[in-house]
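Computed from heavy atoms alone, side chains included, the values below leave out hydrogens, waters and symmetry copies. Ligands are counted one by one from 1 in listed order, and the atoms in each one are counted from 1 as well. Here, residue 1 is the first one in the sequence, and each next residue gets the next number.
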Amino acid sequence: MTGHAIVVGAGIGGLATAVALRRIGWRATVLERAPALGEIGAGMSQAPNALRALDELGVGEQARATGVPSYSAGNLRLPDGRYLQRARRGDPTPMLAFHRADLHGLLLQAVPTGWVRTGTEVTGLRQDDRGVTVTWDGGEASADLVIGADGIRSAVRRALWPDAPPPRFLGRTAWLGVTDVSAVPGGSATSPGDHPTPPGGLDGSVTMGPGSYFLIHPVSRGRAYWAFVTPADRPDLRYEREKAEVAGRVAAWHRPIPDLVAATPAQAVIHIDIRDLDPLPTYVRGRVALLGDAAHAMSPDRGQGAGQSIEDAVVLAAALHAGPGIEAALGRYDAERRPRTQATARGARADGHRTTSAAAHRALVTMIRLMPAPLWRKGITADGNATWRWRPPRLPEPTTLA
Ligand SMILES: Cc1cc2nc3c(=O)[nH]c(=O)nc-3n(C[C@H](O)[C@H](O)[C@H](O)COP(=O)(O)OP(=O)(O)OC[C@H]3O[C@@H](n4cnc5c(N)ncnc54)[C@H](O)[C@@H]3O)c2cc1C
């Protein structure tokens with residue numbers, strides 16, 4: 001079965017979907033409201049499940065060449081610098097860290113020229129037995145199928161799931177940044193692990209304060225991504241000097257944390273509130289399917305949001321390829337993806353609560369401290385982590401395309 005799909009949104013989920021559709025011989029039109037696609041966002045990690053999905057899209061090799069191994073799950077610290085767990089030479093590091101723009105960029109390169117149309121904000125949608133039409137200011141387009149990959153505030157979800165609750169504020173806020181490690185004093189001396197240091201010399205780690213945590217990932221071209229996540233009474237609280245605000249909050253934390261914040265240009269510090277979506281009863285209505293954050297935006301605590309959207313894309317394309325019709329394929333997509341993504345979102349919400357509530361934090365720190373190092377390490381290997389064990393369905397090789 002082949003056809004034409006409209007994908008709403010050119011984020012990581014939307015682009016992964018376009019690449020997956022290309023692999024099964026479909027055409028896609030990707031509509032993106034931003035006037036241009038560029039260097040937006042900060043960093044993220046991808047675990048083995050997402051890397052396998054990227055392999056099915058034919059971009060796994062580029063992803064492995066771009067991503068930087070991160071020992072963040074192996075180096076757990078307290079704000080005074082002590083280690084709860086520490087990575088050692090030879091430890092497995094199945095997790096790769098990326099600047100979001102790098103991962104987005106390599107997917108964009110795999111999308112055929114002319115498929116992405118920017119500056120197009122979808123505002124309406126109607127469907128009948130033969131297809132779906134989406135509308136925007138001054139235009140419309142029709143296709144056999146529409147995929148809403150338009151993020152946590154999805155217009156497609158609001159149009160077809162009008163009763164679904166809006167994104168839920170999880171009582172936490174985060175500051176993020178990416179900076180050159182060479183600008184961090186003593187950058188190459190700050191590697192906490194006893195193993196070869198990544199380019200730039202800064203290693204991944206998570207430092208767990210009472211109720212807050214600070215994450216570091218090395219990313220490409222000698223840069224480091226950092227994120228500080230902390231409780232907030234209400235959403236949308238913004239500060240005139242965001243960098244000074246976060247710098248003040250981590251001033252007494254171990255090095256290189258204050259140095260990393262200090263070395264980040266003020267305009268590159270991003271402040272966001274943490275929200276997720278309550279589970280939807282279905283991701284499919286007729287010939288419209290939701291994918292990525294539009295379907296299951298989740299708390300970042302398991303580093304899985306974008307990875308799950310890439311998985312979604314592969315499963316959707318495999319279902320369409322197998323046929324026999326669009327409705328049957330979408331039914332299988334929904335049945336396969338909803339349990340996994342909603343369980344992951346539930347787990348991420350619970351993890352977030354554990355790391356940012358002071359009482360739960362104490363229990364977690366005690367648990368990590370008491371856990372024998374080999375047992376901890378096993379949990380962060382590709383096979384020791386249930387979410388990471390996922391295997392994608394196979395998509396056809398490009399040579400078999402019509
Ligand atoms: C602090 C933080 C850390 C994270 N860390 C990780 C991590 O380590 N690993 C991981 O896998 N995930 C992580 N995530 C989650 C990840 O960023 C998201 O899950 C992922 O980017 C979602 O991709 P998406 O394509 O579904 O949505 P988006 O990236 O939101 O893309 C949606 C696109 O749709 C466009 N759009 C919106 N409305 C319309 C419209 N009406 N018409 C046309 N276009 C529209 C938008 O402009 C945008 O380009 C993190 C998230 C946060 C907040």
Side-chain angles (χ1 to χ4, degrees), residues 6-18 29-38 40-47 49-51 53-54 67 70 72-73 95-101 103-104 107-108 116-125 134-137 139 141 146-159 167 170 172-177 204 206 213 215 217 219 225-230 270-277 290-313 341 344-345 348 352 387-388:
I6 290 174
V7 180
V8 184
I12 287 173
L15 293 185
T17 305
T29 304
V30 185
L31 303 176
E32 167 57 48
R33 73 176 168 196
L37 302 177
I40 52 160
M44 57 171 56
S45 59
Q46 293 306 330
N49 56 306
L51 294 167
L54 289 165
S70 177
S72 62
M95 200 150 63
L96 294 183
F98 295 85
H99 193 299
R100 179 191 177 278
L103 187 56
H104 188 262
L107 286 166
L108 183 59
V116 179
R117 181 186 161 135
T118 52
T120 307
E121 178 167 3
V122 170
T123 50
L125 188 141
V134 301
T135 53
W136 60 89
D137 188 16
V146 166
I147 295 131
D150 49 345
I152 188 167
R153 299 188 187 283
S154 166
V156 175
R157 188 180 69 244
R158 274 183 280 122
L170 294 177
R172 289 177 286 137
T173 199
W175 283 269
L176 325 168
V206 178
Y213 68 90
L215 164 76
H217 281 312
V219 296
Y225 157 62
W226 57 264
F228 178 63
V229 183
T230 194
I270 300 170
H271 183 185
I272 54 161
D273 297 315
I274 305 295
R275 293 181 166 88
D276 73 2
L277 287 178
L290 296 176
L291 180 145
D293 276 13
H296 47 66
M298 57 188 73
S299 182
D301 301 276
R302 289 199 172 180
Q304 278 289 329
Q308 292 296 315
S309 77
I310 302 167
E311 287 188 10
D312 288 347
T341 51
T344 308
T387 307
W388 295 359

How does [X] reach ligand 1, by side chain, by backbone, by both or by neither, if only non-hydrogen atoms under 4.0 Å count?
X    : answer
I272 : side chain
V229 : neither
A149 : backbone
L176 : side chain

Considering all heavy atoms, the nearest L277-H296 contact
CD1-N, 4.1 Å
A47 versus Q304, closest heavy-atom pair with distance:
CB-NE2, 3.8 Å
Just to confirm my output: which protein heavy-atom neighbour is closest to [atom], and how far is it?
atom                    : answer
atom 8 (O) of ligand 1  : S45 N, 2.9 Å
atom 37 (C) of ligand 1 : D150 O, 3.3 Å
atom 28 (P) of ligand 1 : G151 CA, 4.2 Å
atom 29 (O) of ligand 1 : R100 NH2, 3.7 Å
atom 25 (O) of ligand 1 : G13 N, 2.8 Å
atom 52 (C) of ligand 1 : P300 CB, 3.9 Å
atom 34 (O) of ligand 1 : G9 CA, 3.2 Å
atom 40 (C) of ligand 1 : V122 N, 3.7 Å

Have a look at Q304, M95, E32 and point out the one with the heavy atom closest to atom 46 (C) of ligand 1.
E32
Out of R117, M44, R153, R33, whose heavy atom is nearest to atom 36 (N) of ligand 1?
R33
Is there a nitrogen or oxygen of G307 sitting under 3.5 Å from a nitrogen or oxygen of ligand 1?
yes
Taking distance alone, with no angle check, do A34 and ligand 1 share an N/O pair under 3.5 Å?
no
Sub-4.0 Å atoms of ligand 1 with respect to non-hydrogen atoms of G303
7 (C), 8 (O), 9 (N), 10 (C), 11 (O)
With sequence neighbours excluded, tell me which residues meet side-chain contact (heavy atoms from CB on, under 4.5 Å) with L37.
A10, E32, H104, L108, V116, T118
Heavy atom of protein closer than 4.0 angstrom to atom 14 (N) of ligand 1
no
